[in-house]
Amino acid sequence: MNKKLYSEIEVSLETALELGLTENEYNKILEILGRTPTYTEIGIFSVMWSEHCSYKNSIKQLKTLPRSGGRLLVSAGEENAGLVDIGGGYAIAFKIESHNHPSAIEPFQGAATGVGGILRDIFTMGARPIAALNSLRFGELDNNRTKYLLSGVVSGISHYGNSFGVPTVGGEIYFDACYQDNPLVNAMAVGIVDVRKTASAAARGVGNPVFILGSSTGRDGIHGASLLASREFDEKTEGMRPTVQVGDPFAEKLLLEATLELIEANVIAGIQDMGAAGISCSTSEMSAKANTGMDIDLDKVPLREDNMSAYEIMLSESQERMLAVIHKGKEEIARKICEKWDVPFTHIGFVTDNGFLNIQRHGKQVAWIPAESLVLGGGAPQYDREWKRPEYLGETESFDSSKFEQEKADTNDFWKLLASPNIASKRWVFEQYDSQVRTNTVSSKGDAAVVRLKELPGKAIALATDCNSRYTYLNPYSGAMSAVCEAARNVVCVGAKPVAITNCLNFGNPYDPEVYYQFKEAIRGMGDACRRLDTPVTGGNVSFHNESQNHAIFPTPTIGMLGIIDDISKVVSMDFKQEGDFIFLIGNKRCELGGSEYLKMKIGEITGKAPIIDIEEEIALHNAVLEMIDNRLLSSVHDTSEGGLAVCLAEKAIASVRLGCRVNLGCSAGELFGESQSRIVVSMSPDKVNDFINTCDKFGVNYYQLGKVCHNDFIIENFLETSYSELKQVFEQSIEELLSRK
Amino acid sequence: MKFGVITFPGSNCDHDAIFATQTCLGEEVVNLWHKDTQIPNDIDCIVIPGGFSYGDYLRCGAIARFSPIMKSVVGFANRGGLVIGICNGFQILTEAQLLPGVLLRNTNMRFVCKDVWLRVENTTTPFSNLIEKNAVLRIPIAHGEGNYFADADTIKRLEDNNQIVFRYSNEQGEITDMANPNGSINNIAGIINEKGNVLGMMPHPERYSDEILGCDDGLIIFKSIANYIHSK
């Protein structure tokens, strides 16, 4: 400790500021170290204390969320991903994470490495990935930049997920001008693990050797976390393309197999993937978690390029790497497993008892930092930010949408809605994803994906992502609540009980008090909804600074929901099944158009009041529908969302085999296209109607008979007469047509 | 009977092929490793599964054909053993020259995963003997390079010898351009070698071998193999 540390460059306050630290933070570092940091050290602090790694501006809010209890085996934030007990000795690991900034400047690699990163979070816990989903947001589809981003992002996801061998089973895509400069790419992964064989991300066992598994370390991704992910988009961003990592799904596939075999062989004392902040993050977090330290010799790290400095090696975000602590004496077993899978396995250091990261390069000591001081929950800063109710809310809330709700609906508007990119079929996108590899995909096209579990015959899980950011923009509190409720409703629609969520919180600059208000309120809404629905938050990530010179994105707290299905034979889908079946709406007949796709089409603006969300109404709806599905009363189930009842019914027809319906919905725009929450449309054979009504009464939910399923015709009385094939044509061709337009 | 399913680094449908033949079909299966040089004597049919062998960063299957096990597979096939290559497996079989032709990029240059309809053209093979002539099967595809191509002479020979086992069709069994998902010549989805013991197909029968996944049209291919072996 008294040895003179080596610094390639003399460090000063200016160095710290250039790396994105503040003056206060620099002073705190001086205090922690009791001296001026070396260049390597200031680099490590700058990435570990970046927004991306430290959650410094969000952690105080995040701590208000329900983060334990229920079926959770680990509390949020304790390990790389959440772990939910599903019985029978198995658990589901799942998490969603953003890769927005990299995808904005290099869509293909940005999205690909987003998928790679989240998959590593899952298998580093010992879980085999069994499903992937993604939640994407782009600008309007009528301009070339959006088309470029969309096609790059989709092929990046497709490239990585397909080659790795995980089915992409679901997700969502929305288009809105606010995402024009700053698209959102949120990737979710789900894995299954034997609860006796989970791995932990802690560096346990003083004297245990530390290894790097996987790819060599290059100069890619340096400062990805601190400088790219933790600032807004401006004229400098374009020049930051080199901070985007490059993905190799084949290397990841081998890393997966080797990692799972190492865990199975019981040679691993602790393991963590290297994502943001690479070796800096994995060494410090693993040490801090176990109250240990590490001696690391960077000369031993396999490098891709010559003359890399300690600073560069510590900050590299090269992909497909893991840091593993191996039980002393088990090194040879581990080496054989890695050789079998052709995965490089290199000894780089030891676990120590002094709590310090001791980093050597070319025989010189370049860093000596208490591991604890670097990490979230330890020495990393935590801030309360100033917040202020945004001014625009006064305007949007006073907008009176009742005039639109009462106006007589126009048939042309129905067709325009059905063809709008937010509603039309995303087939062009999802056909590029392998949705079936691993042969567990029972359904990938309904309200929620259904994935059977070969490990637990007869059981399945349901997965959905959701967030209507227009509602969160108009009311951050109730909008976030709606996002949780709709995600839960989606898994309920296939017959699953919602059990836990992961979240990806995409917001603007947290130093803007109006943005911070959105963030704080969204967290409050999410917390209230999750507590009441008993779906704790297992983890996730926060992405701030999603804005360009012009404006921030709509607040977009994306929810990834996990549901459990105990009897796979009871799963229902959204499509009409049988001519003559009765169609009912369960829920309410509020006709709200605030923030709706219809209102946007009419006036080109997102305004009005966000739809009402009543959590008790929502829960009664879930309980009623789950009991109906359990008693096999329903032949089809689909919730209403963008485009309201009319679009919901059209989707039920389009998904069917040449069936339509004859229904009476009223003729006002509010009745047809209103986006009120907590509504599900079901169909059932006539002999089930009595039991259906009794169940509605039992749970105190309202129901309305809409009409009947019929062959081919799609008739909304006093409004529209068309056919299954016309609906299908418009719905399925729209996006492809928009993309081919120059 | 006994299947042998090969795992290359980057194979990702190996588990699926094992599940289909073992659990759905109920036959014995062993997993073979690409570094193995011997194929056990009691194997009746080798499955080369789908995936991205060695990452497929070069031409699909171009590296896998040099894997130690492939030499034994060629010997096994030359001795008359049954070999079925699915998707990447089909690509590997063409690279290993156990089957003629090549799989090019899909004409729309995109990966495509969806259900297709296959008209069964030849029902006398070990892989299709339980299927009715001209039956139409629903089986999914998932590939970026499934556009079958060969020179005119080869195509003529394949047609004349009845070596085209599956063609992309519509639901009614009509061979149309609309039904062709990747640009394959003559809507070719699967072919067999001249001797009739090596089949390559782009669609994935192992994915539709279990009713719970919505369709089990693919199982009849594995049933045909078992039927052929058992009645030998």
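Below, chains carry the letters A, B, ... as their sequence lines are ordered, and counting in each starts from 1. Keep in mind that what you see is a predicted model, and the values were worked out from it rather than measured. The basis for the numbers below is simple: all heavy atoms, side chains too, and nothing from hydrogens, waters or symmetry mates.
Contact check on A:K445 versus A:D575 returns no salt bridge, with no Lys/Arg side-chain nitrogen under 4.0 Å from an Asp/Glu carboxylate oxygen. Using a 4.0 Å cut-off between charged side-chain N and carboxylate O, B:D217 and B:R138 make no salt bridge. We find that A:E257 and A:K253 are joined by a salt bridge, their nearest charged nitrogen and carboxylate oxygen being less than 4.0 Å apart. Taking the charged nitrogens against the carboxylate oxygens, A:D434 and B:R207 do have a contact shorter than 4.0 Å, which makes a salt bridge. A salt bridge does not link B:K223 to B:D216: none of the charged side-chain nitrogens sits closer than 4.0 Å to a carboxylate oxygen. The pair A:K459-A:D566 counts as a salt bridge, with a side-chain nitrogen and a carboxylate oxygen less than 4.0 angstrom apart.
Put simply, of B:G144, B:S53, B:P140, the one with the most heavy-atom pairs under 4.5 Å next to chain A is B:P140. Between chain B and the options A:V166, A:V154, A:D342, heavy-atom pairs under 4.5 Å are most frequent for A:D342.
Residue B:Y54 touches chain A through both its backbone and its side chain, counting heavy-atom pairs closer than 4.5 Å. Only the backbone of B:S11 comes within contact range of chain A, with heavy atoms under 4.5 Å apart. Residue contact with chain A, scored on non-hydrogen atoms closer than 4.5 Å, is absent for B:N106. If you measure heavy-atom distances from A:K454 to chain B, the contacts under 4.5 Å come from the side chain alone.
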- Message: Show, in sequence, the C-alpha distance, side-chain angles and deciding distance for A:N440 and A:R452, and conclude whether the side chain to side chain donor-acceptor pair (under 3.5 Å) test is met.
- Response: CA-CA 5 Å; A:N440 294 321; A:R452 66 108 169 250; 3.0 Å; yes
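Between B:P126 and B:I192, the closest heavy-atom pair is CD-CD1, 4.4 Å.
With sequence neighbours excluded, the residues forming a ring-ring contact (aromatic ring centres under 6.0 Å, His included) with A:W341 are B:W33, listed by chain and number.
Of residues 156-164 of chain A, those residues lying under 4.5 Å from chain B by any heavy-atom pair are A:S158, A:H159, A:N162, A:S163, A:F164.
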